Amino acid sequence: MSLISVGSVAFDAIETPFGKVDRIVGGASVYIAYAASNFVTPVQVISIVGDDFPVSEMDEMKSRGIQLEGMEIVAGKKSFFWSGRYHLDMNTRDTLVTDLNVLADFIPVVPESYQSSEFLMLGNLAPSTQLSVINQMKTRPKLIVMDTMNFWMDIALDDLKAVLKKVDVLMVNDSEARQLSGEYSLVKAAKKIMDMGPRFLVVKKGEHGALLFHEDHVFFAPALPLEEVFDPTGAGDTFAGGFIGYLAKTKDISFENMKTAIIVGSALASFCVEKFGPNRLKEITKTDIEQRISQFVQLVNFDIDLV
Ligand code: AMP
């Protein structure tokens, strides 16, 4: 069983109320791949970097069962660079710098060895890039999950709608769901978005958890109240990686199993925020993940006598 992760591989500079890093490895595909590799290998990355990207980082990814055959390395050019500063509440951030560098000319190529992948995670990238990957797959994957952001709704809405028609699950945050649908109620927003193509919608609400919509069903997964939140960068991508990684491992794409998958995604995301960049994700073990998932079970476990 394998899973494809398409998305940025980057250097980030991050400032939170608790510290600052000037250059740390990041990018959606890195977070997705580290999270998913806990459940399924190989995780097959499709991305692009410059020749400034450290070989040691690529070796570390490979040692976790992450395949980089689909990672283009462009000589003489720089990797994508993103910089952000978080506000005190850590739920909001300002983007300070987005230097696309190699990402500006990214034309993804799906290697032959990735063709049999049954699970496809499209990280946040230009919708036309996401569509190109779907169109290159000779057999449609069993499940296609897509992330996007308000930026693409502003500048490439038609392209975005074309991709939406071809995916199974859309993941967005609450403000993006409202922008895409023009509805304030998330229930109405979900109905409208599911009419655009995806059969499932995941609405992420940061420290307030996530909602999973499918037909007339809705499921809520909390986020674990953490004592220390150090750096939320990549939490959404880590959530996505945990979600699709678990589905790929269990090979079950029913709504019932997706409920478990969003708890798994939430558990992985709760590790991500504990250290800068993907550092915490690189350390965690299966036992850590199991313990964290049981904390989630405890969080929402209660008895009630109906009156
Ligand atoms: P998240 O916190 O889940 O939104 O993901 C943050 C990661 O997304 C960072 O590591 C960035 O390098 C990456 N990122 C930020 N902006 C973009 C963009 N416009 N396109 C692709 N990746 C991005």
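Computed from a prediction, not measured in an experiment: that's the story for all the values here. For ligands, and for the atoms within them, numbers begin at 1 and follow the listed sequence.
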Is there a polar contact between ligand 1 and G27, counting only N or O atoms under 3.5 Å apart?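 Yes, at least one N or O pair falls under 3.5 Å.
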In a check of side-chain contact (heavy atoms from CB on, under 4.5 Å) between I284 and each of K282, K286, R280, which one passes?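 For I284, the side-chain contact (heavy atoms from CB on, under 4.5 Å) test succeeds with only one of K282, K286, R280, which is R280.
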At what distance is the nearest protein heavy atom to [atom], and which residue and atom is it?
atom: atom 16 (N) of ligand 1; value: W82 CD1, 3.6 Å
atom: atom 2 (O) of ligand 1; value: G234 N, 2.7 Å
atom: atom 22 (N) of ligand 1; value: S8 OG, 2.8 Å
atom: atom 3 (O) of ligand 1; value: D237 OD2, 2.9 Å
atom: atom 23 (C) of ligand 1; value: F80 CE2, 3.5 Å

Any carboxylate oxygen within less than 4.0 angstrom of a Lys/Arg side-chain nitrogen, looking at E112 and K138?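 Between K138 and E112 there is a salt bridge, with a charged N closer than 4.0 Å to a carboxylate O.
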Could E72 and K77 be called an ion pair, given the rule that one side-chain N must be under 4.0 Å from one carboxylate O?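 Here E72 does not pair with K77 in a salt bridge, since their nearest N and O are not under 4.0 Å apart.
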Can Y34 be reached from V55 by stepping across I, L, V, M, F, W or Y side chains whose heavy atoms are under 4.5 Å apart?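 No.
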Select the closest option to atom 9 (C) of ligand 1 among T129, N124, D12, V273, judged by heavy-atom distance.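 It is D12 whose heavy atom sits nearest to atom 9 (C) of ligand 1.
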Ligand 1 contacted by R93 (non-hydrogen, < 4.0 Å):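 The answer is yes, since R93 has a heavy atom less than 4.0 Å from ligand 1.
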Strictly under 4.0 Å, does any heavy atom of F151 approach an atom of ligand 1?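 Outside the 4.0 Å threshold, so no.
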Which atoms of ligand 1 sit under 4.0 Å from any heavy atom of [X]?
X: G26; answer: 10 (O)
X: A10; answer: 12 (O)
X: Y31; answer: 10 (O)

With K192, which residues qualify under salt bridge (Lys or Arg N to Asp or Glu O under 4.0 Å), at least two apart?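 Partners of K192 by the salt bridge (Lys or Arg N to Asp or Glu O under 4.0 Å) criterion, ordered by chain and then number, come out as E183.
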Does the Y246 side chain pair with the main chain of I262, one donor and one acceptor, at a distance under 3.5 Å?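 Such a contact is absent between Y246 side chain and I262 backbone.
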Using residues 149-157 as the side-chain source, report each donor-acceptor pair under 3.5 Å to any protein atom, sequence neighbours left out, with the distance given to one decimal.
{"unit_1": "W152", "atom_1": "NE1", "unit_2": "N124", "atom_2": "OD1", "d": "2.9"}
{"unit_1": "W152", "atom_1": "NE1", "unit_2": "L125", "atom_2": "O", "d": "3.4"}
{"unit_1": "D154", "atom_1": "OD1", "unit_2": "Q179", "atom_2": "NE2", "d": "2.8"}

Quick check on K259: does its NZ atom have over 12 non-hydrogen neighbours (other residues, nucleotides or ligands) under 6.0 Å away?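 Above 12, so yes.
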